[in-house]
Amino acid sequence: MRRILKYTAIIFGLILLFLTYFVWLNLADNHNNEALLDELPSQITPKYDTSESKNWWKQTSVYQVYPRSYKDSDGDGIGDLNGIISKLDYIKSVGFETIWFSPFFKSPQKDHGYDISDYQSIQPEYGNLVLVDSLINEVHKRDMKIVFDLVLNHTSNQHPWFLESKSSKDNPKSDWYVWKDGKADTPPNNWKNILGQISAWNYVKERDQYYYAAFLPFQPDLNMSNPEVKAEIFKIVKFWLDKDVDGFRLDIFNFIFEDTSYPDNPSTLQLSNNMSEGKWAFEEHKYNFHQPEVLEFAKELREILESYSDGRFMIGEVFGSHRHMRELLGLEKQDGLNLVFLFDFLERFEFSADYFRQKVEEYEAFYPSPLVPTYVFSNHDQARSITRLDNDVRKADILATFQLTMRGVPFTYQGEEIGMTTGEIPLTEAQDPLSEGWLAVPKWFREEIGVLPNRDNCRTPMQWSKETGAGFSSNDITWLPVQQNHTSINVEDQLQDKNSLLQTYKSLLAIRKQYPVLKDGTMKFIDNEELPEDVLGYIRANSEQTVIVYLNFSDKDKIFNNNLEGYNKVLFQKRGNLNEGEIKLNSFGALIVTN
Ligand code: TEU
């Protein structure tokens, strides 16, 4: 009996030890940034012209439009290009300088445009090539820049290239996708798709082979190692550049290449994302993520962009450690991607002065000038940022003030400027093709890891007004339902209300233009000792201007002295003011001053 007890205790002990290790591994922040930083070159010698006229993208502010949900002009319940064109004056009037459009190319729309079936024509429900030309023209007429979304990792399985490729083993496009023989009746190796739910390999009878799809099975990966494919992609890139598109956002860029000997990936106990080590969903993505070829590819694309004299740029949707990011930007010569999305704030963040300070310090250490970090809080894949702020508009004011005054390129997702909330469309009614895979996963777990299992909820129609259809469409039935709260959260009302979130964006974007120091100046934090708890203060300076920003991350009033004498001209105040050298910030208040 005692022996049984002893062994039971040992077994329990071991299980407990394992569970503790598992939880630690999955919850701990395992980044060793200091060591990483030491390995990076301290000197960057840019290969290309760094003049301001060519490097305008370092100083711009970007607004993301998700075409399907922006503005429906013809009453079919789906946003379109004419609708977008009718709203360009709005985007301009808010003050954004660049617009990035999620894809509107020809596509079966299974992933709403991220499954392209022709890179050089337009999905009819959005418009046509003539309209795209006029969109480019109309954006430029308003002195803004235009960025397209390029999905180069995969096409739709309805793309004529794929239809041909899958038809036999010996057709002219047979090697345009990643095809492999299986092993007996099983896939060629153990690679799972990005979401970790299913094998990344999909069997096709016609070829008796498997094709690789890093994302979903209807999105087969192009074989970018095939020079013919690469040449065709470069042709497409030039096609749009010749049409005067100013830049590209590159979808899942560091998944584009795979190790062509296709070895099994190692298994790991890592369930949650540890992107810096390429580990998630129990797989270390050693051979199908961030391969050396992707760095070369970035450089080749950059060379094409640089051959246009007026400054074009590309931003990568990339994942990984800061080392990965720096490699993609071109380690020594800054000759890779122009910008990379930094996603730390996108899935979750702590709304505290300390957290924000620490993140900025990290970004400043890894992306010192001439590099530029990016600040992004919302996009078409994740819960809207206001959800992470308890839907508190005062906190959204602080977030916007931080984003638009920090050293970096800010990205604002349509509707974020009015505080649109994350919708509540149930998983079972989702149009998002990812949702199905989440059905079996318990809600508490989904919430714990911070994903948005139904991305429809950040894609609901733009709320223009309080009228039925939110001014988005004249049709009662829209592709996704208009949120009920359009009656209280909409553009029209906020344009009238001088205290609205939209006015915060307008004021700050106007200040950015008047005070270019906010775009090109250095960034220095004011010492914590000089500020009350929960207040973040920083100084942006260049040879001509100095601007100081104070943000109160708490709901308590904060009163303190402005130790920086002479800085008493208020540029922006929201629940904050400066009176004879004394600064008062009410709950979640912001103040921007200059001399
Ligand atoms: O997304 C890549 C991606 O892996 C994630 O953003 C993913 O959608 C999210 O983590 C799920 O929780 C890009 C596009 O932004 C997305 O809309 C496309 O569906 C995807 O690529 C495939 O092209």
Side-chain angles (χ1 to χ4, degrees), residues 62 64-69 100-105 107-117 119 147-159 162 192-198 200 212-222 224 248-256 271-275 278 280-281 283 285 288-290 315-320 340-348 374 376-384 387-388 411 413-414 422 427 430-439 441 445-459 480:
V62 186
Q64 181 192 355
V65 167
Y66 192 74
R68 210 169 175 78
S69 295
W100 147 36
F101 293 96
S102 280
F104 37 55
F105 310 107
S107 151
Q109 298 293 314
K110 279 184 86 174
D111 192 12
H112 303 116
Y114 287 91
D115 50 329
I116 295 173
S117 57
Y119 290 92
V147 171
F148 280 8
D149 206 319
L150 277 189
V151 188
L152 305 182
N153 179 69
H154 50 264
T155 66
S156 155
N157 62 355
Q158 298 308 307
H159 197 298
F162 185 73
K192 293 243 167 21
N193 73 344
I194 291 184
L195 310 150
Q197 293 159 335
I198 45 172
Y212 172 66
F215 210 71
L216 291 173
F218 62 82
Q219 291 159 311
D221 273 47
L222 279 165
M224 205 61 82
F248 301 108
R249 175 260 188 196
L250 303 169
D251 195 64
I252 48 173
F253 191 72
N254 53 352
F255 286 94
I256 291 185
L271 168 62
S272 61
N273 289 354
N274 180 338
M275 281 291 182
W280 65 91
E283 182 174 344
H285 295 257
N288 57 345
F289 167 65
H290 198 73
I315 173 159
E317 187 203 27
V318 287
F319 304 92
V340 288
F341 279 120
L342 300 175
F343 281 146
D344 303 67
F345 286 100
L346 193 61
E347 286 184 11
R348 55 175 71 207
T374 54
V376 42
F377 301 116
S378 295
N379 69 13
H380 63 291
D381 288 334
Q382 302 296 343
R384 286 180 171 276
T387 305
R388 297 186 285 288
F411 283 78
Y413 174 52
Q414 67 179 48
T422 308
L427 257 186
Q431 299 200 28
D432 176 8
L434 281 194
S435 296
E436 208 186 317
W438 288 107
L439 277 168
V441 179
F445 182 75
R446 296 191 310 246
E447 280 165 8
E448 183 53 42
I449 56 175
V451 296
L452 182 64
N454 179 4
R455 297 177 300 174
D456 292 357
N457 285 317
C458 60
R459 300 169 177 178
L480 287 177

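Order of listing sets the numbers, starting from 1, for every ligand and every atom in it. Positions are given from 1, in the same order as the sequence printed here.
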Practice item. Identify the residue among H112, Q64, R455 that makes a side chain to side chain donor-acceptor pair (under 3.5 Å) with H380. Key: Q64

Review point. Counting N and O atoms only, with roles assigned by atom type, does the side chain of T155 sit under 3.5 Å from a partner on the main chain of S117, one being a donor and the other an acceptor?
Key: no

Check your understanding: Is the distance between the ring centroids of Y119 and F105 under 6.0 Å?
Key -> no

Exercise for review: Could you tell me if any non-hydrogen atom of R249 lies under 4.0 Å from any atom of ligand 1?
Suggested key: yes

Check your understanding: Side chain, backbone, both or neither: which part of E347 comes within less than 4.0 Å of ligand 1 when only heavy atoms are counted?
Key -> neither

Exercise for review: May I ask you to decide whether R459 forms a salt bridge with D381, counting only side-chain N to carboxylate O separations under 4.0 Å?
Suggested key: yes

Check your understanding: Between D381, L216, I194, which one has a non-hydrogen atom sitting closest to atom 16 (C) of ligand 1?
Key -> D381

Exercise for review: Using a strict cut-off of 4.0 Å, indicate which atoms of ligand 1 neighbour a heavy atom of Q382.
Suggested key: 9 (C), 10 (O), 12 (O)

Point to revise | Non-hydrogen atom of R455 closer than 4.0 Å to ligand 1 | key: yes

Practice item. Check each atom of ligand 1 against the heavy atoms of E317 and keep those under 4.0 Å away; list them by number with element. Key: 1 (O), 2 (C), 6 (O), 13 (C), 15 (O)

Practice item. Considering heavy atoms of the protein only, find what lies nearest to atom 14 (C) of ligand 1 and give residue, atom and distance to 0.1 Å. Key: D251 OD1, 3.1 Å

**Study point:** Those residues that, when tested against F411, pass ring-ring contact (aromatic ring centres under 6.0 Å, His included) (two or more places apart)
**Key:** F341

Review point. Would F319 and W280 satisfy ring-ring contact (aromatic ring centres under 6.0 Å, His included), going step by step from the backbone distance to the final call?
Key: CA-CA 12 Å; F319 304 92; W280 65 91; 8.0 Å; no

Practice item. Under 4.0 Å from a heavy atom of H154: give me the atoms of ligand 1 that qualify, with their elements. Key: 22 (C), 23 (O)

Practice item. For H380, take its heavy atoms, then give the atoms of ligand 1 lying under 4.0 Å from any of them. Key: 14 (C), 15 (O), 16 (C), 17 (O)

Review point. Hey, which atoms in ligand 1 end up nearer than 4.0 Å to a heavy atom of L434?
Key: 11 (C)

Review point. Heavy atom under 4.0 Å from ligand 1: found in R459's side chain, backbone, both, or neither?
Key: side chain

Review point. Which residue owns the protein heavy atom closest to atom 20 (C) of ligand 1, what's the atom, and how far is it?
Key: F215 CZ, 3.5 Å

**Study point:** Geometric class of the F148/F104 ring pair [parallel <30°, tilted 30-60°, perpendicular >60°]
**Key:** perpendicular

Point to revise | For F253, ring-ring contact (aromatic ring centres under 6.0 Å, His included) partners two or more places apart | key: F297

Exercise for review: Around atom 19 (O) of ligand 1, find the nearest protein heavy atom and jot down its residue, atom name and distance.
Suggested key: D111 OD2, 2.5 Å

Review point. Is there a donor-acceptor pair under 3.5 Å between the side chain of Q414 and the backbone N or O of Y66?
Key: yes

